[in-house]
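First listed ligand is number 1; within each ligand, the first listed atom is number 1.
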Amino acid sequence: MDSADVRDDLVKVLFTEDQILAKVKELAERIEKDYDGKDLLIVGVLKGAVMVMSDLARAFSRHVEMDWMAVSSYGSGTKSSGVVRILKDLDGDIHGKHVLVVDEIVDTGLTLSWLTSNLSSRGPASVEIATLLRKPDAQQMPIEVKYVGWDIPNEFVVGYGLDYQERYRNLRDIGTLASHVYS
Ligand code: IMP
Ligand code: MG
């Protein structure tokens, strides 16, 4: 039987809402500095990046354009399939633009390495990656993630956009799930 409150299934809180907002603000300041004098398009990877996109965009005092892509690389479980499919492409042309892909987590890096090479083939001025979280496996991929909030251990986490079977995205904190949820 499901618990009524989304917070009840968390076994450990890794990052609180306040810590997350402070970290996003810190990333926003670095990004503002680096893209000073340049137009910037941030591209959110649906659905997980919804929260970090919304907080990052509002942490900027500069102008920024937002667009979205949806790709699938995961089934409904906790393991990467390695297969990437575009479910929703960008609305706009990125030719000549400075593109910053925003994601909530890089695990194996398969999704973003595929995505950034796909975007690079469309003639942008630049393509970089910002992620709130990064897991250890990502360091084995030839993928450069310019902005990382936190490096975390190889644990499955939920909250702040991160889901387990489409649930828990609306948790304000980020944490790990109790094992009874998986069984
Ligand atoms: P990657 O291709 O292995 O880097 O995985 C990318 C996607 O897998 C992320 O954007 C998430 O949607 C999902 N993912 C990876 N690790 C986790 C996790 O710990 N919790 C929830 N989703 C995850
Ligand atoms: Mg994602």
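- Under 4.0 Å from ligand 1, the heavy atoms of Glu104 that appear belong solely to its side chain.
- A salt bridge links Asp5 to Arg7: at least one charged side-chain nitrogen sits closer than 4.0 Å to a carboxylate oxygen.
- Side-chain atoms of Lys135 do not come within 3.5 Å of backbone N or O of Ile105 as any donor-acceptor pair.
- Of all atoms in ligand 1, numbered sequentially from 1 with element shown, those under 4.0 Å from a heavy atom of Asp163 are 21 (C).
- Using a 4.0 Å cut-off to heavy atoms of Thr111, the atoms of ligand 1 that qualify are 1 (P), 2 (O), 5 (O), 6 (C).
- Note: Tyr35 OH to Leu100 CG = 4.5 Å, rounded to the nearest 0.5 Å.
- For ligand 1, the atoms lying closer than 4.0 Å to a non-hydrogen atom of Asp103 are 10 (O).
- Residue Gly109 places at least one N or O, backbone or side chain, under 3.5 Å from an N or O of ligand 1.
- If you number the atoms of ligand 1 from 1 as listed, the ones under 4.0 Å from a heavy atom of Lys135 come out as 16 (N), 17 (C), 18 (C), 19 (O).
- Among the atoms of Leu162, none of the N or O lies under 3.5 angstrom from an N or O of ligand 1.
- With hydrogens and angles disregarded, a donor-acceptor distance shorter than 3.5 Å links the side chain of Asp173 to the backbone of Glu17.
- Checking Leu112, Asn118, Leu110, Thr111 one by one against Trp114, the side-chain contact (heavy atoms from CB on, under 4.5 Å) holds for a single residue, Asn118.
- Distances shorter than 4.0 angstrom do not occur between any heavy atom of Val158 and any atom of ligand 1.
- Side-chain N/O atoms of Tyr164 and Asp9 include no donor and acceptor closer than 3.5 Å.
- Using a distance-only test at 3.5 Å, with no hydrogens or angles considered, a donor-acceptor pair links the side chain of Asp67 to the main chain of Gly92.
- Of all the atoms in ligand 1, the ones that sit under 4.0 Å from a non-hydrogen atom of Glu155 are 19 (O).
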